[in-house]
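Let me begin by presenting the structure, written as structure tokens, before commenting on it.
In this text, all values refer to a predicted model and were calculated from it rather than measured experimentally.
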Amino acid sequence: MAYEWHDFFGNAGLVLIVGTYLLLQLGKMTSDHLSYSVLNGLGALFIMISLYVDFNLSAFILEAFWILFSLIGIWRVVAARSVQQPETG
């Protein structure tokens with residue numbers, strides 16, 4: 001079996017998702033930080049790139065939801081920051 005470009009993206013996505021979850025469990029990261037959702041979303045995107053070549057419907061649906069939930073997390077963090085920012089003027 002040859003290791004191809006799409007395998008690299010799939011493995012990088014796996015490392016991002018699993019690594020982010022490990023950091024969460026070790027208390028090195030919290031789920032309300034922007035980096036948590038960004039890293040999860042990037043990981044899911046990388047896995048979806050690998051699925052472009054070797055498609056699996058179940059994995060694709062799972063990663064699509066993972067990206068959706070990550071986008072919700074990103075939106076919540078950004079929205080919370082904009083509410084907390086005092087207006088200058």
Original post:
Looking only at heavy atoms, which two atoms of Phe46 and Phe9 are closest? And how far apart?
Top reply: CB-O, 3.2 Å
**OP:** Please answer: with hydrophobic residues joined when any side-chain heavy atoms are less than 4.5 Å apart, are Ile61 and Met48 in the same cluster?
**Re:** yes
Original post:
Ser37 side chain to Leu34 main-chain N or O, any donor-acceptor pair under 3.5 Å?
Top reply: no
Subject >> Shared hydrophobic cluster, Tyr21 / Val38 (ILVMFWY, side-chain heavy atoms < 4.5 Å) >> reply: yes
Original post:
Can you find a pair of side-chain heavy atoms, one from His6 and one from Leu51, that are under 4.5 Å apart?
Top reply: no
Original post:
Do the side chains of Val53 and Asp7 get nearer than 4.5 Å, heavy atoms only?
Top reply: no
Original post:
Do the side chains of Val83 and Ile74 join up, straight or via other hydrophobic residues, at under 4.5 Å, putting them in one cluster?
Top reply: no
**OP:** Quick one: sort the Phe65 and Phe69 rings into parallel, tilted or perpendicular, breaks at 30° and 60°.
**Re:** tilted
Original post:
Should side-chain heavy atoms under 4.5 Å link Ile, Leu, Val, Met, Phe, Trp and Tyr, which residues sit in the same cluster as Leu26?
Top reply: Leu22
**OP:** Provide the full list of side-chain hydrogen bond (donor to acceptor under 3.5 Å, both in side chains) pairs with a residue in residues 46-70, sequence neighbours left out, each pair given once.
**Re:** Asn40-Trp66
Original post:
Is there a path from Ile49 to Leu62 through hydrophobic residues (I, L, V, M, F, W, Y) whose side chains come within less than 4.5 Å of each other?
Top reply: no
Original post:
Centres of the Phe60 and Phe55 rings: under 6.0 Å?
Top reply: yes
**OP:** Establish whether Ile47 and Val18 are linked, either directly or via other cluster members, by ILVMFWY side-chain heavy-atom contacts under 4.5 Å.
**Re:** no
Original post:
CG of Leu42 to CD1 of Ile67: how many Å apart, nearest 0.5 Å?
Top reply: 9.0 Å
Subject >> Test side-chain contact (heavy atoms from CB on, under 4.5 Å) applied to Leu39 - qualifying residues, sequence neighbours left out >> reply: Leu16, Thr20, Met29
Subject >> Atom pair CD1 (Ile17) and CG (Leu45), whose distance is rounded to the nearest 0.5 Å >> reply: 10.0 Å
